[in-house]
Q: 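This is the structure I want to talk about, given as structure tokens.
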Amino acid sequence: MGDNGLIGFLDGVGRRVERHRPWPRFETDREGWTALIDRLPYGGWSLLGLWAEAACVHAALRDEAEGDIAVLSLACPEGRFPSLSAVRPSAKRLERAIRDLTGLVPEGLDDTRPWLDHDRWRQRQPLGKTPAGPAPAVRAYDFLPAEGPGLHQIPVGPVHAGIIEPGHFRFSCQGETVVRLEERLGYVHKGTERLMRGRAPEEAARLAGRISGDSTVAYALAFALAVEAALRLEVPPRARLLRALMAELERLANHLNDIGAICNDAAFALMLAEGATLRERVMRTADICFGHRFMMDRIVPGGVAVDLKEEGRAAVYDMLDEVPRVVRQLAALYDGTSSLLDRTVGTGIVSPALAHRFGAGGPVGRASSRAVDARRSPGYVPYPDLEFDVPTLPHGDVNARILIRFAEVEQTIRLIRQILKRLEPGPARALLPVPEQPAEGMALVESFRGDVLCWLRLGAGGRIERAHLRDPSWFQWPLLEAAIEGNIVADFPICNKSFNCSYSGHDL
């Protein structure tokens, strides 16, 4: 590793904190943080996460060339820190959320409007404290103005016609053409990170699995891996494979559903019916295997809560005999339906440069040439021993995001077959040791949307002192604003579905 890499640079500006696992954490001063800001435009480093405590801010970074990951921490005794948003625009909303949750002020942030706080919090309270008394009246949110001849605004949400989560979308339009889209989220902020404080890892794991219900396996896995990293706990090999099986079943069900939902918004309801049927097939298989359709609370720190019985293995093989055949038929149907392709090809384009700048992962990033998958890099067991490809396309439109999902379904089926072949009898859970001193751990896990980050600190005795979980949607919601620009209003639903960002996962 050269001195020009991320780790070499952080060694020069910070002090290593050895209790952080599996990746190093560095503590720096204001000068070192400023040096990072100066280097970010040229270092080839993406922002993995940005979070804070009452008087400290943390940034997780990835070296795109080397694959290295590290955390840089800055103490903020005066309640301020230099903003990263000028060089990493993906930090902007995260910094607004930090200000809402902790009161820390990002210096140089050009948008100081609250993000998670919908003007109902009496004042900016440090994380973990609740202001007394009734909430104040809600004030109007200052959306960006629409100025110019013929421009008009269309407000949509936060209450929508369908059974979906709340989010507000403000369209500035010239006729039917969208000139600018501005999002406002935070309506389903649950205070999850605060609720985790003081809880045992087994208890907090239940909260992690409910941050975003359609990614409950990915969140539970990220949390469990972070706990195990902090405790330096080895999980039994069978548990590792069962976790991967759950993760791939969750990925398969969601990709199948997304393919159908995208096509439905292009008025091709047949694909929705077929996709929903296949999703139901996968979820029933998951229920037979692990006793829960969503596999919620089945991954726990130390291993898995439910082992796979022979009837579950047989159910997976039965599902694998049916799903790939139907998926191939659906792919041919999609590719041969010109009226559908007219709606998807060239619609909602995200340029590769923008996807890289925001560090977007999952189908959104891979449809725009960003070949990043946490299963591959940095990798986590058992994936380094499994064979699979990370499909990418350069076009960045709705069509590319659909094709990436078809390709990922194929790779997931390939992975499930390998996992089943490697399953051997053995224990499926290890007991958690009780740490005698504080310990930190971090994990990066690939969900169907992209990478989920979990960082946490355990206190002496093993209870959660601080935990932070970052959904991939933080880096994808802003790109939806860019994707719809220049398209017509009627194309927004199909663009939105092709992203399928999480509201709940983003809002925490």
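Only a predicted model underlies this, so the values are computations on that prediction, with no experimental measurement involved.
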Q: State whether D307 and R429 are salt-bridged, where the test is any N-O pair (Lys NZ or Arg NE/NH1/NH2 against Asp/Glu carboxylate O) under 4.0 Å.
A: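 Salt bridge between D307 and R429, a charged N being under 4.0 Å from a carboxylate O: no.
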Q: Is the Lys NZ or Arg CZ of R375 less than 6.0 Å from the centre of Y383's six-membered ring, within 45° of the axis?
A: yes
Q: How long is the span from the CG atom in L480 to the OG atom in S473, to the nearest 0.5 Å?
A: 10.5 Å
Q: Grab the two heavy atoms, one from R243 and one from G302, that are nearest each other, plus how far apart they are.
A: NH2-N, 3.8 Å
Q: Determine, for R343 against D265, whether the closest basic-nitrogen to carboxylate-oxygen distance falls under 4.0 angstrom.
A: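 Salt bridge absent between R343 and D265.
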Q: Is there a side-chain contact between S369 and T392 in this structure, where contact means two heavy atoms from C-beta onward sitting under 4.5 Å apart?
A: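 No, too far: nothing below the 4.5 Å cut-off.
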Q: Any heavy-atom pair between the side chains of I211 and D471 that's under 4.5 Å?
A: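 Sidechains of I211 and D471: no contact.
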Q: Specify whether W477 and F169 have parallel, tilted or perpendicular ring planes, treating 30° as the upper limit for parallel and 60° as the lower limit for perpendicular.
A: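 It falls in the tilted class, 30° to 60°.
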Q: Within the structure provided, determine whether D451 and R470 are in side-chain contact (heavy-atom separation under 4.5 Å).
A: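 Heavy-atom side-chain distance check passes, below 4.5 Å.
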Q: Are K190 and E165 close enough for a salt bridge, meaning some N to O gap below 4.0 Å?
A: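 Looking at K190 and E165, the cut-off is not met.
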Q: So, R62 and E64, do they make that salt bridge, N to O below 4.0 Å?
A: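 Result for this pair is yes, salt bridge flagged.
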Q: For a side chain to side chain contact (heavy atoms under 4.5 Å, CB included) check, start with the C-alpha distance between R93 and E183, then their side-chain angles and the critical distance, and finish with the verdict.
A: CA-CA 11 Å; R93 294 180 178 183; E183 302 159 351; 2.9 Å; yes
Q: A quick test of your reading: do over 12 heavy atoms of other residues, nucleotides or ligands sit less than 6.0 Å from CZ of R210?
A: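 Count over threshold, so yes.
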Q: N496 and Y503: which non-hydrogen atoms are nearest, and at how many Å?
A: ND2-OH, 4.2 Å
Q: Side chains of L181 and F492: does their closest heavy-atom pair fall under 4.5 Å?
A: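 Yes - at least one pair of side-chain heavy atoms lies under 4.5 Å apart.
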Q: Which heavy atom of C495 sits nearest to which heavy atom of T347, and what is that distance?
A: SG-CG2, 3.8 Å
Q: Looking at NE2 of H506 and CG of L94, how far apart are the two atoms once the value is rounded to the nearest 0.5 Å?
A: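 Between H506 NE2 and L94 CG, I get 7.5 Å after rounding to 0.5 Å.
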Q: Counting only heavy atoms not in R232, do more than 12 sit closer than 6.0 Å to its CZ atom?
A: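 Incorrect, the count does not exceed 12.
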Q: Do I69 and L61 touch side chain to side chain, with heavy atoms closer than 4.5 Å?
A: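 The answer is no, as the side chains (C-beta and beyond) never meet within the 4.5 Å cut-off.
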Q: When rounded to the nearest 0.5 angstrom, what is the spacing between CD in E440 and NE2 in H20?
A: 5.5 Å
Q: Just verifying a value: how many Å separate N399 CG and L393 CG, rounded to the nearest 0.5 Å?
A: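 Those atoms lie 8.0 Å apart.
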Q: State whether R417 and E387 are salt-bridged, where the test is any N-O pair (Lys NZ or Arg NE/NH1/NH2 against Asp/Glu carboxylate O) under 4.0 Å.
A: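 Salt bridge absent between R417 and E387.
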Q: Kindly list each side-chain donor-acceptor pair under 3.5 angstrom involving residues 310-324, sequence neighbours excluded, with atom names and distances?
A:
from : atom 1 : to   : atom 2 : distance (Å)
R313 : NH1    : L420 : O      : 2.9
E322 : OE1    : R281 : NE     : 2.6

Q: If you define the side chain from C-beta out and look only at heavy atoms, does anything of R251 sit under 4.5 Å from L415?
A: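 Side-chain contact under 4.5 Å: no.
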Q: Considering non-hydrogen atoms only, spot the tightest contact between L456 and A226 and give its length.
A: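 Here L456 and A226 meet closest at CD2-CB, 3.7 Å.
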Q: Nearest heavy-atom pair of L241 and I419: which atoms, and what distance?
A: O-CG2, 3.4 Å
Q: Among all residues two or more places apart in sequence or in another chain, which pass the side chain to side chain contact (heavy atoms under 4.5 Å, CB included) test with A331?
A: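 Here the qualifying residues are F406.
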Q: What distance do L6 atom CG and L40 atom CG have between them, rounded to the nearest 0.5 Å?
A: 9.0 Å
Q: Only counting residues at least two apart or in another chain, list the ones meeting side chain to side chain donor-acceptor pair (under 3.5 Å) with R366.
A: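 Side chain to side chain donor-acceptor pair (under 3.5 Å) list for R366, sorted by chain: E408, E446.
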Q: To the nearest 0.5 angstrom, please state how far the CD atom of E248 sits from the CZ atom of F388.
A: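 That separation rounds to 8.0 Å.
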Q: Verify the ring-centre separation between W115 and H189: is it less than 6.0 angstrom?
A: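 No: the rings miss the under 6.0 Å criterion.
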Q: Verify salt bridge (charged side-chain N to carboxylate O under 4.0 Å, His left out) between E481 and K92, making sure each step is shown before the conclusion.
A: CA-CA 14 Å; E481 293 182 342; K92 183 174 295 189; over 6 Å; no
Q: Can you name the nearest heavy-atom pair linking E95 to L50, along with the distance?
A: CG-CD2, 3.4 Å
Q: Could you check whether atom CZ of R206 has more than 12 heavy atoms from other residues, nucleotides or ligands sitting under 6.0 Å from it?
A: no
Q: Is the gap between the ring centers of W455 and H468 under 6.0 Å?
A: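 No, the ring centres sit 6.0 Å or more apart.
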Q: Could you check whether D258 pairs with R279 (Lys NZ or Arg NE/NH1/NH2 to Asp/Glu carboxylate O, under 4.0 Å)?
A: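 Salt bridge absent between D258 and R279.
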Q: Do D389 and R414 sit within salt-bridge range, that is, some charged N less than 4.0 Å from a carboxylate O?
A: yes
